[in-house]
Amino acid sequence: MRKQGLQIAGFAAVVAAIQLATFLTGNVYHLTQLTMSAYYSLVVLGLCILTGYAGQISIGHAGFFAIGGYLSALLTTHNFSAHGGRVVSGLAAMGILARRPDLYGGELLTVHPWPACILAVFAAVAVAYAIGGPVLKLKGHYLAMATLGFGIIVYRIVLGTELVGAADGIYDVPAFPLLPGIAVSGKSSLRVMNYYVAWGFVILGMVFLMNLVRSRVGRALASIHGAEDAAEAMGIPTARYKLKIFVVSAAFAAVAGVLLTHYNGGIGPSESSVMKSVRYLAIVAIGGMANLWGALFMSLILNYLSLRGYFGSFDDAVFGVILILIMLFAHEGLLRRQLLDQIRGAVIRRGGGDDP
Amino acid sequence: MNLDLFLQYVVAGITYGTIYGIVAIGFNIIYNTTGIINFAQGEFVMLGGMTAVTLARVLPLPAAILVAVLVTTVVGALIEILFIRWLRHPSVLRMIVITIGLSILIREVALHIWGEGVRALPYFTGTSVTSIRLGGVYISPQVLWVVGISAVVVAILGGFFRYTLLGMQMRACAANRDAARLCGISAKNMVTLSFMLSAGIGALGGCIVSPITYVSYDSGVPLAIKGFTVAILGGLGNSAASAGAGMLLGILESFSVSVLPAAYKDVISVAILLVILFVRPSGLFGSAEVARLKEF
Amino acid sequence: MTLLSIRDVSRRFGGIQAVDNVSFDVPHGAITAVIGPNGAGKTTLFHLISGFLRPDRGSVVFGGAEILGLMPHQIAAKGMARTFQQTRLFPKMTVLENILVGRHLHSRGGFVACMLHLPFTRREERAVREAGREILEFLGLSGQADAEAVRLSYGQQRMVELGRALACEPRVLLLDEPAAGLNMRETAEMGRLISRIRERNVTILLVEHDMSLVMDISDEIVVLSYGQKIAEDVPSAIQRDPEVIRIYLGEGDA
Ligand SMILES: Nc1ncnc2c1ncn2[C@@H]1O[C@H](COP(=O)(O)OP(=O)(O)OP(=O)(O)O)[C@@H](O)[C@H]1O
Ligand SMILES: [Mg+2]
């Protein structure tokens, strides 16, 4: 536990150091991409616990991200004043609907971001519950295809539905006032604050998941990964545990979707594309599968590079190549202890000579 | 809906269904020899179509198709030799991720070669407006080409597996790898061969439908998921059933357009996939007992 | 007193009647062995009792309640633990962690409590680790606590698997060929261990091919052949049973 605290503190220091570095070098605008990386990292962490620890592959996590993001965007931009009626005025009185000025000086009656966010995450969780039961009965290729299928369905629906802007997506999404004085917003004056808010969420998520991994539940999940029948024989309700961790991981994706959508001020169909899901999976794989820290660092680095456009038009190709190389040559992941041990062993052997 | 319109939908369904069947057969060939589901299967179809379109500018159509099929076959062989052959006891998860990676890679290469444009081969006979009247329906001659060539391919494939030594060796590998190896069959070469066959057939499928369906760098993934749906529907590994299941999915999909917006067409077929996976993963014709053994 | 009662249980696989109308009782506190030639249906019978397979017919009553149709984890929760014929240790976990999974039923922390690392989960975790170390002590594997389980010698792996089942504190323990693949010294060790487990007031149902081990430690023996029960008696009587002798000797000639 002490070690875990130190790791978290160390990571927080890294986050602060990066902010300081951008400040000193006059690259403050890099914080925008770093903030976005943070939200993508939340998805990656959720997927890491599901695929890396519990051993259940998902190629559809962008779907949960999109459900969260789109629903929150839709509710906070859809103008309810035209609908009138008692329900609308009642909701307005309860503060669920709030008036805000639009860009052209008019007035919009939209859902307040808080209830919108809660509803959006709740919807993603409900979908995960509903499909998780039958999906997680499947194994191997079948599970991969079923989750991929789920992702494609979400993508096709957002792409084909006018209500959510079809190919254009939803824009003009308002800022999300988390607490008095703290808002998730892409305004450049709030850049530094949002950077810390985003990484604060990541650290919080990391603490939750690290606690989980080292607990009774974490051991149960790992045992399902290792030998499902033996886990069942130890009294672990494997189906229920798989469903629960699927829901947890979907909730991480949905929260990330909501927050990033409010940060960016919009969301488009590409956020739900298969390629996004594959990317999340690739990062988990590169990080070392059952390795939360590995996944987090890889997510920070790769998402940042990708968002800054370092990969140019080869963006997807880069992820494809990395994925293949990792799976061919280091399928246990790059950032894993054994590899470090091997390297250390090789160095010692060369240096010591007479090592057995 | 009158009868003519009904038949028109059926014909459209059969055209698409044929291609889904072809992709499913591609899945099956590789699955049978290796137990791998090749997520890059749709990419073979795209690659075949795209290559043929490019070659058709300088070569006569039949030659362009032939060369495109050969090129894709070589790609299939290279993929197996470079990425699959030397892996020892790879886990299912690893194989899934590798073939997904390959699918992305092929797609990205295609994007950089051909750009985002949508292309098509010319109609084999006539033009896009030529049609033959059969009973009450107008059928494009290309539909007859698609169905005819596919039928010939399925027949040849059946004969190959049943009567040729090579085909029998591949089947032996599918039934029991270790036993086949003991009989002196090189299991590794059979796997390479299965990738080549599967790539070649996919490419041919891509060529013959491209006049109707068009092809672009990203047409692989939808084809792969539908081909997989069909493969599951027919019972994984069962190629004859795949052909029938392909028609079924094609027709269902084509009728779905009459009740739902066309933008949701893919939603229908993927939803069908999910439903089948949930209620009957052994397929319509397979036995549940066998499917349980295949729970890899 | 009967703890586990198996009544007319049958299961068919395609053309093979793997278990055919088998009935017997497992008395409380005793070691009952199931023996029989390869393919006699012993493992299938274990799967039926522990809920991993559904029988076509029959009933299994455990501690006075019908357990047929329950999920394996529900049966485990009622106090039945088992090992597998093929070792099913959790890879990538240490020996201690493997054992700790066995304590699952004796702790309660759920997803939320564990994520928040609430005080009661901390206390629970300490108790779980304590119990795990005790089991390692009992097995004589304390030195290996932090080694990766699948890197141990085969004999030690079987011990860990036994310890993991023991960590469940079961009322009845089903052991499927615990001595398979062990050398003579390890087999003797395993026999001693099983006897000591019985002394902890755990009822044991055992499948085993090693006859000297079976005759040594069991109180009661059930003989299966082609899915049918052909004899049930104390070891000394089974050793003299002509039908059993025929099956075991005949097997060699076949
Ligand atoms: N899942 C299954 N599907 C089909 N047949 C099965 C299955 N499991 C077992 N069998 C068959 O049932 C019969 C009994 O098998 P079982 O494993 O119970 O025997 P056993 O007594 O444990 O043998 P051994 O001593 O070799 O472990 C065998 O003929 C076996 O082939
Ligand atoms: Mg057995």
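Sequence lines set the chain letters: A, B, ... in the order given, protein chains first and strands last, and positions in each chain run from 1. All values below come from the heavy atoms of this structure, side chains included, with hydrogens, waters and symmetry mates left out.
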Query - Intermediate values then yes/no, side chain to side chain contact (heavy atoms under 4.5 Å, CB included), A:Y142 and B:L236 - result: CA-CA 11 Å; A:Y142 289 100; B:L236 205 50; 3.7 Å; yes

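Shown here for B:L277 and A:A146, the closest heavy-atom pair between the two residues is CD1-CB, 3.7 Å. Counting all heavy atoms, side chain and backbone alike, A:A317 lies closest to B:L105 at O-CD1, 4.0 Å. Contact record, B:A263 with A:G160: CB-CA, 3.7 Å, taken as the closest heavy-atom pair. Across all their heavy atoms, A:S313 and B:H112 have their closest contact at OG-NE2, 3.0 Å.
Neither the backbone nor the side chain of A:I322 comes within contact range of chain B; no heavy atoms are under 4.5 Å apart. In this structure, the portions of A:V135 lying under 4.5 Å from any heavy atom of chain B include both its backbone and its side chain. Heavy atoms closer than 4.5 Å to chain A are found in the side chain of B:F39, but not in its backbone. For a residue to count as touching a neighbouring chain, one of its non-hydrogen atoms must lie under 4.5 Å from one of that chain's; by this rule A:V278 touches chain B with the side chain only. Proximity to chain B is limited to the side chain of A:L138, based on heavy atoms less than 4.5 angstrom apart. With a threshold of 4.5 angstrom between heavy atoms, B:A271 approaches chain A through its backbone and through its side chain. Interface residue B:I98: backbone and side-chain heavy atoms are both found under 4.5 Å from chain A. With a threshold of 4.5 angstrom between heavy atoms, B:V221 approaches chain A through side-chain atoms but not through N, CA, C or O.
Looking at B:D266 and A:Y155, their side chains never come closer than 4.5 Å, going by heavy atoms from C-beta outward.
If you take CD1 on A:I152 and CD1 on B:I225, they are separated by 4.0 Å, rounding to the nearest 0.5 Å. Distance OG1/B:T99 to CE/A:M327: 11.0 Å, rounded to 0.5 Å. Taking CD1 of A:I59 as the reference point, atom CD1 of B:I100 lies at 3.5 Å (rounded to 0.5 Å). Atoms CG and CZ, from A:L328 and B:R94 in turn, are 7.0 Å apart once rounded to the nearest 0.5 Å. In this structure, the separation between CG on B:L111 and CG on A:D316 is 8.5 Å, given to the nearest 0.5 Å. Note that the CE atom of A:M275 and the CZ atom of B:R107 stand 6.5 Å from one another [nearest 0.5 Å].
Side-chain N or O atoms of A:R156 include none that pairs as donor or acceptor with a backbone N or O of B:V267 at under 3.5 Å.
Ranked by heavy-atom pairs under 4.5 Å with chain B, the list A:V274, A:L148, A:T51, A:L281 is led by A:L148. Interface remark: of the candidates B:L93, B:V109, B:T229, B:L273, B:L93 forms the most heavy-atom pairs closer than 4.5 Å to chain A.
Within 6.0 Å of CZ in A:R308 there are more than 12 heavy atoms belonging to other residues, nucleotides or ligands. Within a 6.0 Å sphere centred on OH of B:Y214, other residues, nucleotides and ligands contribute 12 heavy atoms or fewer.
The distance between the ring centers of A:H141 and B:Y31 does not fall below 6.0 angstrom.
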